[in-house]
Every structure is written in structure tokens, then in C-alpha cells.
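Heavy-atom basis, side chains included; hydrogens, waters and symmetry copies ignored. Note that the numbering runs from 1 along the sequence shown for the chain. Note that the structure is predicted; figures quoted are calculated from it, not measured.
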Amino acid sequence: MTPETERVFAALRAEFGAESIVRVERMLEPGGGGERHPLQRAAKWIMPGLSPTPWHDPYAYAELAPVVHALEANHPAIKAELSAAWKTRREAFSDYEHYLTRQENWQALYLFRAGGLVEESAATAPTAYRVVKEAAVDTEKICPLLESHFSTLLPDAVIDPHCDLWNFSINLHLAVDIPDGCGITVAGETRSWEEGKCLLFDYSFEHEARNTGTRPRTCLLIDLWHPETTLPERRALTTLVTEVRRLMGDG
């Protein structure tokens, strides 16, 4: 805890009540606030009190459903623009830099990164950019600590089993272009993407993905706040992680 974190936490308690950020504070205690699911043990932070559910129904949450419906309704245009960009603006894509690794056979086109929209992507993928901006960024449903990007796995690419950093955001996938031979496994349960539809999962659980097909697999990913987190918790978490990154020299 730094003076800035203490200041923000105190202001949140004063505005929202003493109990408003207790789950965040418990997360920071030795032991991380309680027992973890075995397949979440590699995550850095597990905020207690959030449903320990690997797979979520993308239509079940009133907060997130508008994002899901907007993405799915615009899938045909999103796919057409993505296909055109892949053919004519390949330089807009880069090796995906996961916090654990960098993979040449895992390509990314960013729409939101480092706390803001990637404005140059508005010309490359205008429909996806607009939907992400209007449905997730302007409504503050996106987790500003993370990102939104097109995730393209080249043929034979494998994302090895891993846990992401925490459970207080949740990963939404729009299946943009899905060849045969692709799958994603979360907490031991494997599912396939259905083109034009969304999947939603808690990536603090161990997960992996693969493309054994003959052409690239692309999903549009958005890191959203976990719908069971509250406004004061989100503010506290944003301050906390931003301060940790600052101290580590990472932004």
C-alpha cells in the first residue's frame, strides 16, 4: 500500500461506506482472502466473494448482455473488415505479448490498450472499434487495466495452459472467424467457438487454446469488469494495480 493507494481507499470508504472495499482489502491480506480453487492457484490475486465459476453464460448478466448483443449483431461487418485488414493491412497486427510470453503465431490487432482506445484502429476495423467504444468503453464496462483486441491464432498455434493475473475481470470472446479444429479449455472443460456468438469465462482459472485447422482463427476479445464487482471496488482495484505497475516501472 502506497500513500496514493491509502488516500484513494480512504476516500472510497468515506463516500461509499466502511465495508465498500473490504473484499479488496481482504485480497491483499496474507493468504489472499481465503481458499482458492486448485486451478486458480497460479493467479496473482483472487478477490474473495466472486463466484468461483470458470464458464459463464454471456447473456445472464444485465450489465454485460448489451455488449454481447452489440457484438453479435455486428458480427458480419466485423468479420468482413477483419478479413480485409488481414489481407491488406497486415502491418497493423503484431505478435501478441501476453504477460507470460510473446508468440509469433498469436497475432493481435488492438482496439483498446494502456487505458485508452487505440485510435489508429478506427480506420482498420471501424465497426469493431465503434462497438467496443460505445458498448464497453463509454459505459465503463471494460476493465481499463487490460485491453480489447482481435486475437488471431495461426494454424498449429497452441496457447499453453496458464492462469491470468486475477479474477475481478472476465474475458469475453466474439467468435469472428473460426475454422474447424479449434478449441478452448477452461478448468478442464473444452468448448468450441461458434462463429458470430460469444463465450465468457473467468481466466483466473487455468485455460488453454489451440488451432489445429488450416487457416487462422480469430476472436475479438474484451476484458470486462467481473459483473459481481461494485463501483467502489473497481475504483480501488484500478488505483491498486496502477500503483503496482508504477512501482514496477511498467507504465
Side-chain angles (χ1 to χ4, degrees), residues 1-37 40 43-53 56-71 99 111-119 131-148 163-172 200-205 221-251:
M1 296 284 283
T2 66
E4 173 63 12
T5 305
E6 292 280 12
R7 182 189 68 77
V8 171
F9 279 26
L12 290 169
R13 292 188 207 99
E15 181 177 358
F16 295 99
E19 300 299 310
S20 60
I21 57 171
V22 69
R23 296 194 297 183
V24 178
E25 294 170 313
R26 284 180 56 204
M27 180 186 76
L28 299 176
E29 295 172 356
E35 289 291 326
R36 296 185 179 201
H37 188 285
Q40 288 177 304
K44 181 176 179 61
W45 285 316
I46 297 296
M47 194 170 87
L50 302 181
S51 300
T53 304
H56 291 252
D57 179 352
Y59 310 100
Y61 301 102
E63 180 182 15
L64 303 186
V67 183
V68 174
H69 292 309
L71 289 170
Y99 81 99
L111 302 177
F112 182 95
R113 197 180 193 192
L117 289 157
V118 181
E119 294 184 3
V131 172
V132 169
K133 178 181 184 300
E134 293 177 356
V137 178
D138 292 350
T139 60
E140 299 185 348
K141 295 173 185 177
I142 199 167
C143 178
L145 301 165
L146 294 170
E147 60 199 31
S148 174
C163 296
D164 281 303
L165 287 168
W166 53 63
N167 69 332
F168 46 80
S169 62
I170 195 165
N171 201 214
L172 182 68
L200 182 67
F201 66 96
D202 180 341
Y203 45 11
S204 67
F205 286 88
L221 277 55
I222 309 181
D223 294 306
L224 301 167
W225 285 113
H226 193 295
E228 295 175 7
T229 58
T230 66
L231 176 60
E233 287 172 340
R234 295 174 187 185
R235 292 182 181 175
L237 291 162
T238 299
T239 298
L240 171 67
V241 176
T242 300
E243 279 291 279
V244 168
R245 289 174 173 172
R246 182 184 65 81
L247 292 172
M248 294 177 66
D250 184 18

Is the backbone of [Y] close enough, under 3.5 Å, to the side chain of [X] for a donor and an acceptor to pair up by distance?
X      : Y      : answer
Asp223 : Glu147 : yes
Thr2   : Thr5   : yes
Thr229 : Trp225 : no
Lys133 : Asp138 : no

Which heavy atom of [X] sits nearest to which heavy atom of [Y], and what is that distance?
X      : Y      : answer
Ala136 : Thr139 : O-OG1, 3.4 Å
Phe9   : Val24  : CZ-CG1, 4.0 Å
Leu50  : Phe168 : CD1-CA, 3.9 Å
Ala135 : Val67  : O-CG2, 3.4 Å
Gln40  : Ser204 : NE2-OG, 2.9 Å
Ile21  : Pro232 : CG2-O, 3.6 Å

### Query
Out of Leu71, Asn171, Leu111, which residue meets the side chain to side chain contact (heavy atoms under 4.5 Å, CB included) rule with Ile222?
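Only one of Leu71, Asn171, Leu111 forms a side chain to side chain contact (heavy atoms under 4.5 Å, CB included) with Ile222, namely Leu71.
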Once rounded to the nearest 0.5 Å, what's the spacing between atom [atom1] of [X] and atom [atom2] of [Y]?
X      : Y      : atom1 : atom2 : answer
Arg235 : Thr230 : CZ    : OG1   : 10.0 Å
Leu221 : Ser148 : CG    : OG    : 7.5 Å
Leu231 : Glu15  : CG    : CD    : 7.5 Å
Leu200 : His226 : CG    : NE2   : 8.0 Å
Thr239 : Leu12  : OG1   : CG    : 7.0 Å
Met27  : Ile46  : CE    : CD1   : 9.5 Å

### Task
Take Leu237 and Met47, measure what side chain to side chain contact (heavy atoms under 4.5 Å, CB included) needs, and give me the verdict at the end.
CA-CA 10 Å; Leu237 291 162; Met47 194 170 87; 4.0 Å; yes
### Query
Do Tyr59 and His69 meet the criterion of a side-chain donor-acceptor pair at a distance under 3.5 Å?
no
### Query
How are the rings of Trp45 and Trp166 set relative to one another: parallel (under 30°), tilted (30 to 60°) or perpendicular (over 60°)?
parallel
### Mutual orientation of the aromatic rings belonging to Tyr203 and Phe201 [parallel < 30°, tilted 30-60°, perpendicular > 60°]
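The rings of Tyr203 and Phe201 stand perpendicular, inter-plane angle above 60°.
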### Among Glu19, Glu25, Glu233, salt bridge (Lys or Arg N to Asp or Glu O under 4.0 Å) partner for Arg13
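The single option meeting the salt bridge (Lys or Arg N to Asp or Glu O under 4.0 Å) with Arg13 is Glu25.
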### Salt-bridge criterion met for Arg23 and Glu29 (N-O under 4.0 Å)
no
### Query
Can you check whether Thr238 reaches Pro144 side chain to side chain, under 4.5 Å on heavy atoms?
yes
### Task
Verify side chain to side chain contact (heavy atoms under 4.5 Å, CB included) between Thr53 and His56, making sure each step is shown before the conclusion.
CA-CA 7 Å; Thr53 304; His56 291 252; 3.7 Å; yes
